[in-house]
Every structure is written in C-alpha cells, then in structure tokens.
Amino acid sequence: SQQGEEDPQALSIQEGENATMNCSYKTSINNLQWYRQNSGRGLVHLILIRSNEREKHSGRLRVTLDTSKKSSSLLITASRAADTASYFCATDDAGGSYIPTFGRGTSLIVHP
Amino acid sequence: DSGVTQTPKHLITATGQRVTLRCSPRSGDLSVYWYQQSLDQGLQFLIQYYNGEERAKGNILERFSAQQFPDLHSELNLSSLELGDSALYFCASSVAGVNNEQFFGPGTRLTVL
C-alpha cells in the first residue's frame, strides 16, 4: 500500500483562487517532499520539509507538516493556468528504507 | 530541464521481447532511481543504485534488472515483456543516497503490443 496518499484526487478551480492539497501518511518520516508533474512528463521537485519543521514557503507555495496527525498540506496561492498539473507527495519511512514513496497524486486544473 | 537524460523517449515492442532503457544522471549525482508509472499502479519505485552499487529494491519484477556503470549511467533491462508492462519508466538522480531531492528525467514510454 502507498505510504503517502493525496486528497482530493482531483481539484478544479478558477485562475486567481487558492488550491489546497493534502497528504496523509502512515509511518514516522524523516522528511516529506512535494513534486509536480505535467501530463506525461517527468516529476519536478517543489519543496522538501523535514520532520522537525512545521511550515515552509517557496514563492506562491506554502507547505505545512503536522507529524502528530501524519499529514501535510500544499497551498498554491493565486493560482495560474500554468499550475495545471498533478501534484504528488513523497514520504520516506524513518524506520525503513528512506526511499521516497509517492502517492497517487492530486490532479489540479486551473481554468483561465 | 532537470539534467537527467533518458533514451529512448518511446518504445513499441511485442510481448515476449526484451528492451533496455538508458539513463544518464545529472553531473555529480551518484544515486540513480528507477520508477514505473502506470494508470492503475501510480508511481512505483523499482530500484536504486548508488555509485555503482545496488542500494535499495522496491517492486521490481524478476524479469527486470538494472545496473549502474562506472561512468554512473544506468540501464534498466526488461525481458519477457507482457502487456501489463506498458507504462512510463522514469529515471531520477540525486546527489547522495538518502533524503535528497530527486531530479527526474523525461521518461521512456513503453508500449507492449
């Protein structure tokens, strides 16, 4: 089974609105990463948050991590049509292999 | 452009055949990862190499094998291909072996007919 699971599976918004995606995971982690994938292309790393961090910002991206709830959220503010993509969280397993395990992703569509 | 290259971009072959996918990591990256992405299974980790040595194994079938060469490029060999092996195969690289940002290549789309 997947270590990380994104929610919702799909999200459709208008340009200018904020988009929030969530990731839940099962075991203790060292860090959590968010990636973006445009259709049929390779994944692009967005942000990494360590288990001892609670919030991180990068441009219009804001990531939070709640280790007590084993969850993370990715907020994209003032979304643009170019943000249309699938977004994945990747978690390692602090007690295991440290290999990032990817969820199935959230498909985001931003309408112009 | 991530700096990771993969060849070929597309591959169409028949069941029972064998193919080789090639990956060149970013300059300076020692670690290479292989992933399979299909609609029903999502992105599945297959195997990782670090500086020529196998570091971790994931959901890799016995029909599949990989290696990393002294120049750090890697090859993924898929044999006795089945229809279900049709997928996007990604290579990613990172500087070290653990807890690092991964840089993904553009992928190889394999179609097994």
Side-chain angles (χ1 to χ4, degrees), chain A residues 1-10 21 23-53 56 58 61 63 65 85-107, chain B residues 1-7 9-11 21 23-26 29 31-50 54-60 66 86-111:
Chain A
S1 63
Q2 302 288 348
Q3 159 72 319
E5 292 290 347
E6 296 87 348
D7 175 70
Q9 287 187 348
M21 289 157 266
C23 171
S24 59
Y25 55 92
K26 298 185 177 71
T27 66
S28 296
I29 60 171
N30 295 300
N31 61 57
L32 184 145
Q33 302 181 55
W34 284 93
Y35 287 80
R36 163 200 167 120
Q37 183 182 31
N38 286 76
S39 180
R41 314 268 306 259
L43 279 72
V44 175
H45 185 266
L46 296 176
I47 202 163
L48 180 152
I49 186 165
R50 301 196 186 283
S51 60
N52 60 355
E53 297 176 311
K56 214 161 180 183
S58 176
L61 305 181
V63 168
L65 179 64
S86 291
Y87 292 82
F88 296 85
C89 70
T91 53
D92 61 6
D93 179 354
S97 68
Y98 299 97
I99 297 296
T101 304
F102 290 80
R104 291 187 177 274
T106 291
S107 176
Chain B
D1 184 358
S2 67
V4 178
T5 60
Q6 288 187 250
T7 56
K9 285 187 177 177
H10 300 276
L11 202 45
L21 313 183
C23 167
S24 293
R26 283 190 330 155
D29 284 358
S31 203
V32 169
Y33 309 76
W34 285 99
Y35 293 88
Q36 179 193 58
Q37 186 177 39
S38 59
L39 283 174
D40 57 340
Q41 293 291 325
L43 193 67
Q44 297 285 318
F45 166 70
L46 296 178
I47 197 164
Q48 179 206 3
Y49 280 84
Y50 177 76
E54 182 184 303
R55 175 64 66 91
K57 233 172 181 177
N59 300 323
I60 188 166
S86 295
L88 265 171
Y89 290 83
F90 288 106
C91 164
S93 72
S94 67
V95 171
V98 297
N99 297 340
N100 286 118
E101 171 185 355
Q102 295 185 22
F103 295 85
F104 279 75
T108 293
R109 183 173 292 280
L110 173 66
T111 302

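Naming: A, B, ... by sequence-line order, numbering from 1 per chain.
Under the 4.5 Å side-chain criterion, counting only non-hydrogen atoms from C-beta, A/Q37 is in contact with B/Q37.
In this structure, chain A has a heavy atom under 4.5 Å from the side chain of B/Y35, while its backbone stays farther away.
Atom CZ of A/R104 sits about 10.0 Å away from atom CG of B/L39, to the nearest 0.5 Å.
Qualifying side chain to side chain donor-acceptor pair (under 3.5 Å) partners for A/Y87, counting only residues two or more places apart in sequence or in other chains: A/R36. A/K56 meets the salt bridge (Lys or Arg N to Asp or Glu O under 4.0 Å) test with A/E53; sequence neighbours excluded.
A 6.0 Å sphere centred on CZ of A/R41 holds no more than 12 heavy atoms belonging to other residues, nucleotides or ligands.
Across all their heavy atoms, A/Q33 and B/E101 have their closest contact at OE1-CA, 3.6 Å.
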